[in-house]
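Following: one structure in structure tokens, then a few remarks.
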Amino acid sequence: MSDQQIEQWRGYVRRRATLTADDVAELEEHLRGQVDDLVASGLADDEAFLIAVKRMGSVDELSREFAREHSERLWKQLVLTPGETEGARGSGPELWGAIALGAGAALSLRAGLAWLDEGRVALLASVLVLPWLAGYFAWQRRLPAGQVATLAAGFVAVGALLVAYPFDAGGDTLLLAAVHAPVLLWLLVGVAYVGGDWRSGPRRMDLIRFTGEWAVYYFLLAAGGGLLLALTAATFGAIDVDAGPLLFEWVLPMGAAGATLVAAWLVESKQDVIENIAPVLARVFSPLTIALLVALLAAFAVDPDVIDVDRELLILMTVILVLVLALALYALSARPPEAAAGLADWVQVALALAAIVVDLVVLVAMAGRIAELGLTPNRAAALGLNVLLLVNLAVSAWLGLAFVRGRRPVAALERWQTDYLPLYAAWAAVVVVLWGPIFAWG
């Protein structure tokens, strides 16, 4: 058994946050004893090492075993105090870096509120905030200067375009650009997150995992911050002090911008401590979403005219389809590639099939509205998004069905999803860049 093999094994095990240095040393001693016994029985060093590692079980199983025996240690690793847990990630410079960049994002958004009207602030909010998040990952991943300059140029180009375009105040194209610009800019953040290795499918899947966890953490921070603001406003109101302007014109927007960086730091620093939240939520809500889609289809069958006239219903249906895609992505992101197909995989296939039927209904209804009322910016954008979703869902259902029937590996489905990801950013770019000129800025 070579020292290099032991060092590689030790380095892998150390990345599990549940295991301390003493735990690793104990495991290493046990591993060496196993190898010595196997070598004494006549096996070669390499064979003995591989068999001993396999006998010890997977690192995840070992981590869970140590977590059960030392549950107090696991909970302490969730505390945000740096330096208390040996080998804790995200403490020290990374935490202070996130705080500093979060302050930069907060000040940028506050400056935008001071200098721009409300419509332009909504349009440029992602341009003011997301570059700081991309900078955080560029610093963490130590991106080369050339890649940093390219990312910066991308943010500047999008910002300059949004500033230069003469959108009508309150117009549909302005609203659509404000909604789609964050999607486009998130791709630039993603390039920084994956360390510039955008062509790697596994790294794109890491970005999908990060996005889901970031959304959950951000929601929790927003909920806690909103409650704190409400309590503060009520407390000052009880003593006849109007703290509303300070809280809701300064603290709220700056806190919302700064939380973007704090949520990212939380995901990065705690990702090895507990199971990711987004896939758990996906497994819980997938069956419920199937029931919702079936109920909607039943309602449409009872009264087919309702979807032809209700614009808000069409929008809500599109939002539900985006939710279905998110559920499928996060259920897939946490699935061990070597595991056999099970009930959860059949649930995802059923979810995709139900969503396809709903999407077809939505597309038929949209086509009817366009034929009757004409093409508007909103209808064109919704139509394009639903076509994108339909293609993704159709291929996902086909690959998922092939997997559960044992005809294709789950890696094919994962590769399809990661390869499809840039198309959403490309569609967002089309809407941001072309919708204003095409529809005369209205």
Side-chain angles (χ1 to χ4, degrees), residues 80 95-137 139 151-152 154-156 158-165 167-189 192 210-211 213-237 241-268 319 428 432:
L80 302 186
L95 171 59
W96 289 109
I99 291 173
L101 292 168
L107 292 173
S108 295
L109 185 59
R110 181 56 231 175
L113 288 169
W115 296 337
L116 303 170
D117 59 72
E118 290 184 2
R120 289 286 168 174
V121 170
L123 181 64
L124 295 171
S126 58
V127 179
L128 296 172
V129 173
L130 290 183
W132 297 93
L133 182 57
Y136 173 68
F137 289 126
W139 168 60
L151 290 176
F155 281 107
V156 170
V158 174
L161 182 144
L162 294 176
V163 169
Y165 272 8
F167 294 108
D168 292 345
D172 289 340
T173 56
L174 184 148
L175 177 60
L176 287 169
V179 170
H180 287 78
V183 179
L184 173 58
L185 296 179
W186 194 260
L187 175 65
L188 297 180
V189 173
F210 165 79
T211 301
E213 296 303 302
W214 178 88
V216 172
Y217 277 111
Y218 190 88
F219 174 79
L220 294 174
L221 290 171
L227 177 60
L228 182 60
L229 284 177
L231 290 174
T232 303
T235 301
F236 277 96
V241 175
D242 183 13
L246 174 63
L247 293 177
F248 299 107
E249 294 178 16
W250 286 82
V251 177
L252 177 59
M254 294 179 71
T260 303
L261 274 296
V262 175
W265 174 80
L266 283 170
V267 176
E268 286 290 279
V319 172
V432 170

* Return the set of residues passing side-chain contact (heavy atoms from CB on, under 4.5 Å) with A134 (not counting sequence neighbours), or none when no residue passes. => F155, V189, A192
Output a table of donor-acceptor pairs, distance under 3.5 Å, between side-chain atoms of residues 115-129 and any protein atom two or more places apart or on a different chain; print 'none' if there are none.
from, atom 1, to, atom 2, distance (Å)
D117, OD1, G119, N, 3.1
D117, OD1, R120, N, 2.9
R120, NH1, L162, O, 2.8
R120, NH1, Y165, O, 3.4
R120, NH2, Y165, O, 3.0

* Structure fact -> One should read off an interatomic distance between L95 CG and E268 CD, to the nearest 0.5 angstrom, of 13.0 Å
Taking distance alone, no hydrogens or angles, what donor-acceptor pairs closer than 3.5 Å link side-chain atoms of residues 227-234 to residues at least two apart or in another chain?
from, atom 1, to, atom 2, distance (Å)
T232, OG1, L228, O, 2.7

* **Heavy-atom closest contact (L221 atom, A259 atom, distance)** => CD1-O, 4.0 Å
* To do: Kindly say whether T260 contributes a backbone atom to a donor-acceptor pair with the side chain of W214 at under 3.5 angstrom?
  => yes
* Asked: Does atom CZ of F236 have more than 12 heavy-atom neighbours, drawn from other residues, nucleotides or ligands, at distances under 6.0 Å?
  -> no
* Rounded distance (nearest 0.5 Å) linking atom NE2 of H180 with atom OG1 of T173 -> 12.0 Å
* CG on L176 to CZ on F167, rounded to 0.5 Å -> 9.0 Å
* Asked: For the atom pair CG (L187) and CG (L130), what is the distance rounded to the nearest 0.5 Å?
  -> 11.5 Å
* **Centroid-centroid distance, F210 to F137, less than 6.0 Å** => yes
* **By side-chain hydrogen bond (donor to acceptor under 3.5 Å, both in side chains) - contacts of W186 (at least two apart)** => T211
* For F219, look at atom CZ and say whether over 12 heavy atoms of other residues, nucleotides or ligands are found less than 6.0 Å away. => no
* To do: Can you sort out the partners of A160 under side-chain contact (heavy atoms from CB on, under 4.5 Å), two or more places apart, ordered by chain and number?
  => none
* State, with a plain yes or no, whether a side-chain heavy atom of L261 is found less than 4.5 Å away from one of L133. => yes
* Evaluate the side-chain proximity of V432 to L161: yes if any heavy-atom separation is below 4.5 Å, no if none is. => yes
Please tabulate, for side-chain N and O atoms in residues 105-112, each donor-acceptor pair with protein atoms closer than 3.5 Å (sequence neighbours left out).
from, atom 1, to, atom 2, distance (Å)
S108, OG, G104, O, 2.9
S108, OG, W132, NE1, 3.0
R110, NH1, E249, O, 2.3

